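As the structure is a prediction and not an experimental result, all values here were calculated from the model. Values reported hereafter were calculated over all heavy atoms of this structure, with side chains retained and with hydrogens, waters and symmetry mates removed.
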Amino acid sequence: MPHLSRPGDDHLLGLFRIATGFLLACHGAAKLSGFFGDDPVPVGLWPYWWAGLIELGGGALVATGLLTRPAALLCSGTMAYAYFTEHQPHGLLPLQNDGESAALYCWAFLTLAVLAPTALSLPAARRHLIAARGTKAPLSGPAGA
């Protein structure tokens, strides 16, 4: 983890990671299952169903802090692909082609892939719990059993 300049920056990035991952996972859930009033995309339809799968799975991984770097990089690439194949042909700038969200998601996930904030993540919570237990032996049967 890169050294951040001020106390609390890692927690702020952790909140950013959670919110960004959750929002992308919602997009994926909408595509795959029809949540939020959308019709579900037919299973296997290229590239929409696969994008929904990456959005749901990758967004959930990023939000929880599990495999953050590879998941965020995959999400960033997916959003770049979406921008250049679905939006950019309709106009040069995101404002012209309705590609603002794809462009923002692309850069947000690229930032998370580089910084990979660990605050407020499941792995950090697990490490904290293990550290709180100290050197206690794992719970198991009696010694020598």
Supply the atom-to-atom distance [X] [atom1] to [Y] [atom2], rounded to the nearest 0.5 angstrom.
{"X": "H128", "Y": "S121", "atom1": "NE2", "atom2": "OG", "answer": "12.5 Å"}
{"X": "Y48", "Y": "L32", "atom1": "OH", "atom2": "CG", "answer": "14.5 Å"}
{"X": "D9", "Y": "L115", "atom1": "CG", "atom2": "CG", "answer": "10.0 Å"}
{"X": "E100", "Y": "L93", "atom1": "CD", "atom2": "CG", "answer": "10.0 Å"}

For residues [X] and [Y]: do they belong to one hydrophobic cluster (side chain heavy atoms under 4.5 Å, members Ile, Leu, Val, Met, Phe, Trp, Tyr)?
{"X": "L104", "Y": "L95", "answer": "no"}
{"X": "V114", "Y": "L112", "answer": "no"}
{"X": "F84", "Y": "M79", "answer": "no"}
{"X": "Y105", "Y": "L110", "answer": "no"}
{"X": "L122", "Y": "V62", "answer": "no"}

Heavy-atom closest pair, residues [X] and [Y]:
{"X": "T64", "Y": "R17", "result": "C-NH2, 4.0 Å"}
{"X": "G14", "Y": "L120", "result": "C-CD1, 4.3 Å"}
{"X": "C75", "Y": "I54", "result": "SG-O, 4.1 Å"}
{"X": "Y83", "Y": "P89", "result": "O-CD, 4.4 Å"}
{"X": "H87", "Y": "A102", "result": "CD2-CB, 4.0 Å"}
{"X": "S76", "Y": "C106", "result": "OG-O, 2.9 Å"}

Side chain to side chain contact (heavy atoms under 4.5 Å, CB included) against L92, all qualifying residues, sequence neighbours excluded: Q88, Q96

Neighbour count above 12 (heavy atom, 6.0 Å) for H90 NE2: yes

Over 12 non-hydrogen atoms of neighbours within 6.0 angstrom of CG in L129: yes

Name of the residue among D39, V43, L45 meeting side-chain contact (heavy atoms from CB on, under 4.5 Å) with V41: L45

Using atom types as modelled, flag every donor-acceptor pair under 3.5 Å from a side chain in residues 19-31 to any protein atom, sequence neighbours excluded.
{"from": "T20", "atom 1": "OG1", "to": "F16", "atom 2": "O", "distance (Å)": "2.8"}
{"from": "K31", "atom 1": "NZ", "to": "E55", "atom 2": "OE1", "distance (Å)": "2.8"}
{"from": "K31", "atom 1": "NZ", "to": "E55", "atom 2": "OE2", "distance (Å)": "2.8"}

